[in-house]
Trainee: 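My questions all concern the structure below.
Each chain gets a letter, A, B and so on, in the order the sequences are listed, and its residues count up from 1.
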2 protein chains.
Amino acid sequence: MSVGIRHDDLRRRNRAMVISAVRRAGQPSRTEIAATTGLSHSTISAISSDLIGEGILSESKAGEAVSLKRGRPQVGLALNPEAAAVLTVVLSLNFLSVAVIDYAGQVIAEEQRRLDTLTMPRDELIGECTAIVRRRLEDPDLDVQSIARIALAIQGITDSHARAMLWSPITPQTNIAFADILEAEFGIPATMENDCNMMAVALRWRDPNRYRDDFIAILLSHGIGMGLVLKGELFTGTHSSGGEFGHMIHRPGGALCRCGRRGCVEAYAGNYAIWRNARQMGEDAEPVADVSDADMRALAVRAREADGPEREAYRKAGEALGFGLGSLFALIDPAPVAMVGVSAGAFDLIEPALREAIAQTAGGQHSGSISFDTEPNELPLIREGCAMRALSFVDQEIFAPGIQAKPGKKDVA
Amino acid sequence: MSVGIRHDDLRRRNRAMVISAVRRAGQPSRTEIAATTGLSHSTISAISSDLIGEGILSESKAGEAVSLKRGRPQVGLALNPEAAAVLTVVLSLNFLSVAVIDYAGQVIAEEQRRLDTLTMPRDELIGECTAIVRRRLEDPDLDVQSIARIALAIQGITDSHARAMLWSPITPQTNIAFADILEAEFGIPATMENDCNMMAVALRWRDPNRYRDDFIAILLSHGIGMGLVLKGELFTGTHSSGGEFGHMIHRPGGALCRCGRRGCVEAYAGNYAIWRNARQMGEDAEPVADVSDADMRALAVRAREADGPEREAYRKAGEALGFGLGSLFALIDPAPVAMVGVSAGAFDLIEPALREAIAQTAGGQHSGSISFDTEPNELPLIREGCAMRALSFVDQEIFAPGIQAKPGKKDVA
DNA sequence: CAGTATTTTTTCGAGGCTCGAAAAAATAGA
DNA sequence: TCTATTTTTTCGAGCCTCGAAAAAATACTG
């Protein structure tokens, strides 16, 4: 069951804590770290001295921060960019993108590629991914010792161990153990992440004030996805990446969903559903494979111009999202929401019906106080999330090795 | 943010771990504890020697376990029943029940009382609760030094800090800070728990094989409640006890719910809803205040005898529960379910429609493999859960004091 | 410009904790 | 009674964190 704390875990944990304090705060002084971690100055001094000696941290040179106070000036600690590097791979519909990130989080190389994911056979899809990674790894211009970690994000369902893609809308292939494949190919630890979870991770780094312990990132794209952070931790299902918000049931037996079932939220709010309703094709019409972002933007323009089927389509999307969020709020209580993706650009069309629907649900008491942010472009977010995730792995597992995942697992009681 | 690990936390954590190992395992030997916690024999020896010296543990006398092996026989460690005692209070519709539990988990005194919670004014409701607790505390027959903790469970919504009842179906009163009231009155630390959460806690202690890391306890009673354990921890909302499964939306704009909204799962599956449908009163009919368990059982008998409105009412309940569970499973993946409460006794009438509905949802792939247990009597479960919760508090906060709630809060990344 | 005040960082010894190895204790079999 | 075996305790070694004091580095002051 639960496992005791060994004596050497102590140092390792506190090492990890110092590293993470530096990553979060930018250039904190030893004193600041002592304050935020609650550890003594002596401990912080010892640990940071170790970390500097190992080339993980470095003292930020020069008094760029002109100290106005008396006394010995604080010397900031920074992550040493050369301590390590990680690689991110984002696989989305017809698009593959990789980036190499240094230890301090800066992009030092990238490559992008269009490909036809929907029709590509399994081997070719895997081959494209490994090939693009190989090109980055073998690039002579890149003077990076070695890549410490690869994080790969994909639209769709991944398993809860972050090893495999189970199902994805961007390809008919299923069960591809990308993490294992990349590890076997390059001998670099890799993980397979869900795109919406990475969005949530990135939001938390971008705006820790708004997105702290509990929040929701919803991807409004061809499909509907969700990344959920609860009590400061990414929420995943018990077996899969979970959080399949788009496939909560909005209307039992209702509109035909891309997943083959009926009445899912996505079957009203996904791009294909908005498109279908705007064109008055009927709820049983087979979902189209793809609607371009340009077409969706044009649709939104028409919806804003005049009341008609386009506007009604967005209204229905808002209603489905509202009732879905209402059900979600019944379970987790209301929390800040970020709407991401092309249809987040049409949130003005969605919001009224959404709020009206939420008001009819258990979360409705606070309907007015729930705030929505919008971010029409999901790709940068996903990339950032992957980078932070990979870097955090390096922080914790490579530079503070040996920590058990969960220390003393608390009993339920 | 996150807080470092101090040196003395180490001992405290490991103390708590030993206590919890003993509580879980019954009468484990030092060697067994060393094996399950991963700590060394020397450490376990030192800690258990301390704990015995403090009267928290005791060596279980006499070789009741006739050792068949060679070698020095193991000596089992047990919780010392007299180390402490806790008090549980369960407040449900028209019924108040308290029990005093010794440190080993045995009930050593109890008292129950009928009262009219629905019409009782606020002060009187609070007064009844404090009075019954006072009677138990002042009972001269009870030779318990002192009560170390009170856990009070109520049907309804509590706040996430376990201090107050926010709303309850058993009384028109709202926002009663029972935990604070009891603490002020008796000077004993108290918590206010949600009844369904306590059911989940109890199930985990009763059958740790089936109910381990991820499971769902659903209360099928006048209302519909849920206790949810995910990744080994009780799941609560961000502000409230959360998990308001009964108020997820089944059919937007549908049947009238007791909460005043429309289309909630409860508005189809709560006793009042089954009753309303069985009597063909229409979905807009005002929910009745209470249906007796006897009436519900009679209803189930009629539903089994012949196809008619009674059977149809249970079918609709099953459908609502099935779609609700389907949406829940979309978020958390399928997990074992325990159906608790009087209508769990009619689960044979509910199950077919429930499974049919689940099969139409995202959780549906595994529809067949999802297993349901039934337990018609919720009260003993709630009481047990309260007892275990209070005892665990004593284990962790009194006998291993000073532990920070969450050690190194892991970053999302 | 030297001296003082102030703040940050390092150093050093004390105290605690866990660990491994060895010793002690307690039993079954020979 | 002696030996093998298993459990439990004892003891010294090695770390780790902490507090206090020292050292370092700067701004102020007259």
Trainee: Hey, is the main chain of Gly38(A) close enough, under 3.5 Å, to the side chain of Arg6(B) for a donor-acceptor pair?
Mentor: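 Yes; at least one donor-acceptor contact below 3.5 Å.
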Trainee: Whole-Å distance between dT7(C) C1' and Glu32(A) CD?
Mentor: 13 Å
Trainee: What integer distance in Å separates Ile33(A):CD1 from dT8(C):P?
Mentor: 13 Å
Trainee: Would you mind classifying the nucleic acid contact of Ser45(B) as base, sugar-phosphate or nothing, using non-hydrogen atoms under 4.0 angstrom?
Mentor: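 Base contact.
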Trainee: Rounding to an integer number of Å, can you tell me how far Leu10(A) CG sits from dG14(D) P?
Mentor: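 It is 19 Å, rounded to the nearest whole Å.
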Trainee: Base of dT7(D), side chain of Arg72(B) - is there a donor-acceptor contact under 3.5 Å?
Mentor: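 In this structure, the two groups form a donor-acceptor pair.
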Trainee: With a cut-off of less than 4.0 Å, is there a side-chain N or O of Arg30(A) near OP1 or OP2 of dT10(C)?
Mentor: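 Yes.
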Trainee: Could you tell me whether the phosphate oxygens of dT17(D), OP1 or OP2, come under 4.0 Å of any side-chain nitrogen or oxygen in Arg11(A)?
Mentor: yes
Trainee: In terms of side-chain heavy atoms of Ser40(A), which of dT17(D), dT9(C), dT27(C) is nearest?
Mentor: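 Comparing dT17(D), dT9(C), dT27(C) against the side chain of Ser40(A), the answer is dT17(D).
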Trainee: Can a side chain N or O of Asn14(B) be found less than 4.0 Å away from OP1 or OP2 on dT18(C)?
Mentor: yes
Trainee: Closer than 3.5 angstrom, by distance alone: can the side chain of Arg163(B) be matched with the main-chain N or O of Ala190(B) as a donor-acceptor pair?
Mentor: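 Checked: pair present.
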Trainee: Rounding to an integer number of Å, can you tell me how far Arg70(A) CZ sits from dT4(C) P?
Mentor: 13 Å
Trainee: Provide, to the nearest angstrom, the distance between the CD atom belonging to Glu59(B) and the P atom belonging to dA25(C).
Mentor: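 For the pair Glu59(B) CD and dA25(C) P, the rounded distance is 15 Å.
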Trainee: Starting at atom CZ of Arg6(A), determine the distance to atom C1' of dG16(C), rounded to an integer number of angstrom.
Mentor: 18 Å
Trainee: Please determine whether salt bridge (charged side-chain N to carboxylate O under 4.0 Å, His left out) holds for the pair Glu384(A) and Arg204(A), giving the CA-CA distance in whole Å, both sets of side-chain angles, and the decisive distance to 0.1 Å.
Mentor: CA-CA 11 Å; Glu384(A) 265 177 57; Arg204(A) 195 161 193 248; over 6 Å; no
Trainee: Rounded to whole angstrom units, what separation is found between the CG atom of Leu77(B) and the P atom of dT8(D)?
Mentor: 8 Å
Trainee: Judged by atom type as modelled, is there a donor-acceptor pair below 3.5 Å linking the side chain of Arg23(B) to the main-chain atoms of Ala78(B)?
Mentor: no
Trainee: Start at the 5' end of DNA chain C and walk down; is the nucleotide closest to His41(A) or to Leu39(B) reached first?
Mentor: His41(A)
Trainee: Quick one: the side chain of Ser42(B) and the base of dG20(C), do they pair up donor-acceptor inside 3.5 Å?
Mentor: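 Under the 3.5 Å cut-off, the side chain and the base do form a donor-acceptor pair.
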Trainee: Can you tell me how far C1' of dT18(C) sits from CZ of Arg15(B), to the nearest Å?
Mentor: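 Roughly 16 Å, once rounded to whole Å.
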Trainee: Side chain of Thr236(B), backbone of Ser241(B): donor and acceptor closer than 3.5 Å?
Mentor: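 Looks like no, no N/O pair under 3.5 Å.
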